[in-house]
Number of protein chains: 2
Amino acid sequence: MQAMLVDDVSHYEEGQHIFREGDPFDAIAAVRAGTVKTYILDREGREQVLGFFLPGEVVGLNAIHPQIYPCNAVALDTVVLCRFSFQRMSSLASTMPGLQSRLFRLLSEDIGKAALLSGDFSADERMAAFIVSLSRRYARRGFSGTRFHLPMARTDIANYLRLAPETVSRVLRRLRTDGVLDIDRRELRILDLPRLEQMAEAILRDHAH
Amino acid sequence: MQAMLVDDVSHYEEGQHIFREGDPFDAIAAVRAGTVKTYILDREGREQVLGFFLPGEVVGLNAIHPQIYPCNAVALDTVVLCRFSFQRMSSLASTMPGLQSRLFRLLSEDIGKAALLSGDFSADERMAAFIVSLSRRYARRGFSGTRFHLPMARTDIANYLRLAPETVSRVLRRLRTDGVLDIDRRELRILDLPRLEQMAEAILRDHAH
DNA sequence: GATGGGCGTTGACCTTGATCAACGCCCGAT
DNA sequence: ATCGGGCGTTGATCAAGGTCAACGCCCATC
């Protein structure tokens, strides 16, 4: 069924844009490999990171209405994307309840995801939630959930979590000192996942499966 | 069409619960009159406000998946609700593209709404955005956009905006001192809407009509 | 009328994370 | 090999808003 709907498989080099704010929305994009970052630029041209998308995840769902991408998406490393025509997809959804229900589900999950940062959480909690979320998403796709490479810069993590980069460094150092994780630049190893999950639970309570 | 789908019109007194966390999801609830607050309770039983729903707005969309309400909804004053069976609605959506498209739109708008608080915004910006958002939503339904009664307590506003109640009082006092608005307990009058909108624009950029 | 509870406001003090100002490391270009 | 730029880390200081501790107002109940 999925092969039936794939319009396009495309490759992007690190730093290439997949879509830009204002582009017309016509397809749902699923990441097959690599990592995608979405961001907006504010009035002064400063970047605000909205999210990171790992293999198996769908980018740009919030463009369904009003059919225009409200943000930019850029490849953080080499990315492979599968595109599904939304027009064709929603027509088929009319006759295939399973597909319609799948779309409702994806959209409903995105509501949950957007709430990740809307709480009043400490820097520790945010950082823990970010790491646990990555861990779970990598594990869900068959990758290691305790040892992974961070494809995004500290400044991007900080921006996404609405923290200063200095604070990200400090929290990571504290977590390393406490024996919760080990980190060397972008190589991360989780040493005490239950501890991290405990720190993250207030944030991730809606996403425990 | 809408009359065709209405299962139920019900009334709630102030303080009555409309649904509770864990209740099975079976219908979409549209507010016809009054105001609804949604909240969750954390592990220690503390309340976290998730949103306020005005007349014409739909409560509980994020329950579509996984068919269980993830939060509580309570009437802040006398509330009239219309319920639409989601089962029937989604079957009909399969054959009526207009309805399906309307559902996608409602869900997509909810993603946008959840992002309201996910940024790194000052107390002033949050308060301004809250007031402008209320103003626009009241105006959209034909009520006055510059003079309205706040149906929720300061503690609820503070909780929703992730601020302390003292801070809400202080910001409102500052805005009154600056001549931006006048407020006496729950009666609010906006005196300088452009100024408020300017303060709110970083937050509301995604929600401009 | 008196009392109690809920709500909102106010001032003083405290805490968390941001800002500012460096420094070190790594990698690519020359 | 050297240099420059980007990235990450570290320490000192500052600021926004939270916490704590009141007080005043309003309304319902007795």
Side-chain angles (χ1 to χ4, degrees), chain A residues 13-15 35 37 42 44 46-49 74 76-77 117-131 149-178 181-188 199 202-203, chain B residues 13-15 35 37 42 44 46-49 74 76-77 117-131 149-178 181-188 199 202-203:
Chain A
E13 294 302 316
E14 177 176 343
T35 310
K37 171 181 86 173
D42 69 15
E44 287 80 35
R46 288 168 309 192
E47 179 175 296
Q48 185 174 328
V49 176
V74 66
L76 289 182
D77 41 34
L117 302 171
S118 64
D120 180 30
F121 303 116
S122 70
D124 283 8
E125 286 165 332
R126 286 164 188 259
M127 198 69 235
F130 177 71
I131 294 166
H149 170 87
L150 299 172
M152 70 296 282
R154 292 288 192 279
T155 46
D156 280 343
I157 297 172
N159 190 322
Y160 175 65
L161 298 177
R162 298 335 178 237
L163 299 171
E166 292 90 343
T167 303
V168 169
S169 276
R170 291 192 169 95
V171 173
L172 288 174
R173 179 176 60 185
R174 195 151 59 226
L175 293 174
R176 188 177 53 200
T177 300
D178 292 347
L181 56 82
D182 189 30
I183 188 160
D184 178 25
R185 297 201 62 98
R186 297 202 183 175
E187 301 310 315
L188 180 74
M199 289 166 71
I203 300 184
Chain B
E13 297 301 314
E14 176 177 340
T35 310
K37 171 181 86 172
D42 69 15
E44 288 79 35
R46 287 168 310 193
E47 177 174 297
Q48 186 174 328
V49 176
V74 65
L76 289 183
D77 40 34
L117 302 171
S118 64
D120 181 30
F121 303 117
S122 70
D124 282 10
E125 286 164 333
R126 286 164 188 258
M127 198 71 235
F130 176 71
I131 294 166
H149 169 85
L150 299 171
M152 68 296 283
R154 294 286 196 280
T155 47
D156 280 342
I157 297 172
N159 191 324
Y160 174 66
L161 297 179
R162 301 330 183 238
L163 300 172
E166 290 91 344
T167 303
V168 169
S169 277
R170 291 190 169 95
V171 172
L172 289 174
R173 178 176 61 184
R174 197 151 59 225
L175 292 175
R176 187 177 53 198
T177 299
D178 292 349
L181 56 82
D182 189 30
I183 188 159
D184 177 25
R185 298 199 64 96
R186 298 204 184 174
E187 302 309 316
L188 179 74
M199 289 166 68
I203 301 186

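By convention in this document, chain letters (A, B, ...) are assigned in the order of the sequence lines, proteins followed by strands, and residues within each chain are numbered from 1.
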J.: To the nearest Å, how far apart are A/M127 CE and C/dG17 C1'?
T.: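 It is 15 Å, rounded to the nearest whole Å.
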
J.: Among the nucleotides D/dG18, C/dG17, C/dG8, which one has an atom lying closest to any side-chain atom of B/S169?
T.: C/dG8

J.: Tell me: CZ of B/F121 to P of D/dG17, nearest whole Å?
T.: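 From B/F121 CZ to D/dG17 P: 13 Å.
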
J.: Find the distance B/R162:CZ to D/dG17:P and express it as a whole number of Å.
T.: 16 Å

J.: Should B/R173 be listed as having a side-chain N or O under 4.0 Å from OP1 or OP2 of C/dT10?
T.: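 Looking at the OP1 and OP2 atoms of C/dT10, one of them is under 4.0 Å from a side-chain N or O of B/R173.
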
J.: May I have the distance from B/E47 (atom CD) to C/dG6 (atom P), rounded to whole angstrom?
T.: 14 Å

J.: Give the rounded distance in Å between these two atoms: CG of A/L172 and C1' of D/dC7.
T.: 14 Å

J.: Any side-chain N or O of A/T167 below 4.0 angstrom from OP1/OP2 of C/dA18?
T.: yes

J.: Nearest to the B/R185 side chain among C/dT19, C/dG11, C/dG8, which nucleotide is it?
T.: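 When the side chain of B/R185 is considered, C/dG8 is the closest of C/dT19, C/dG11, C/dG8.
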
J.: Could you tell me how far apart B/N159 (CG) and D/dG18 (C1') are, to the nearest whole angstrom?
T.: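 Atom CG in B/N159 sits about 14 Å away from atom C1' in D/dG18.
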
J.: What distance do B/E14 atom CD and B/T35 atom OG1 have between them, rounded to the nearest 0.5 Å?
T.: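 Separation between the atoms: 10.0 Å.
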
J.: In terms of side-chain heavy atoms, does A/S169 have a donor or acceptor partner in A/E166 at a distance below 3.5 Å?
T.: no

J.: Between the side chain of B/E125 and the main-chain N/O of B/S122, is any donor-acceptor distance below 3.5 Å?
T.: yes

J.: If I take atom CD in residue A/E187 and atom C1' in nucleotide C/dC25, what distance separates them, rounded to the nearest angstrom?
T.: 16 Å

J.: Does A/R154 have a side-chain nitrogen or oxygen under 4.0 Å from the phosphate oxygens OP1 or OP2 of D/dT9?
T.: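 Answer is yes, contact under 4.0 Å.
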
J.: Give, for atom CG of A/L76 and atom CG of A/L150, the distance between the pair rounded to the nearest 0.5 Å.
T.: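 Between A/L76 CG and A/L150 CG, I get 11.0 Å after rounding to 0.5 Å.
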
J.: Using whole Å, what does the distance between atom P of nucleotide C/dG6 and atom CE of B/M152 come to?
T.: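 In whole Å, C/dG6 P lies 21 Å from B/M152 CE.
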
J.: Would you mind telling me which residue lines up with the more 5' stretch of DNA chain D, B/R174 or B/E166, judged by nearest nucleotide?
T.: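 Taking each residue's closest nucleotide, the earlier one in sequence belongs to B/R174.
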
J.: Side chains of B/T155 and B/V49: closer than 4.5 Å at any heavy-atom pair?
T.: no

J.: If you only use heavy atoms from C-beta on, which nucleotide in D/dC7, C/dG8, D/dA12 is closest to the side chain of A/R186?
T.: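 Among the listed nucleotides, the one closest to the side chain of A/R186 is D/dC7.
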
J.: Just to be sure I understand the rule, does A/A164 reach a base, reach only the sugar-phosphate, or reach nothing, if contact means heavy atoms closer than 4.0 Å?
T.: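 Base: the residue A/A164, judged by heavy atoms under 4.0 Å, touches a nucleobase.
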
J.: Which listed nucleotide (C/dG8, D/dT10, D/dG17) is nearest to the side chain of A/R170?
T.: D/dT10

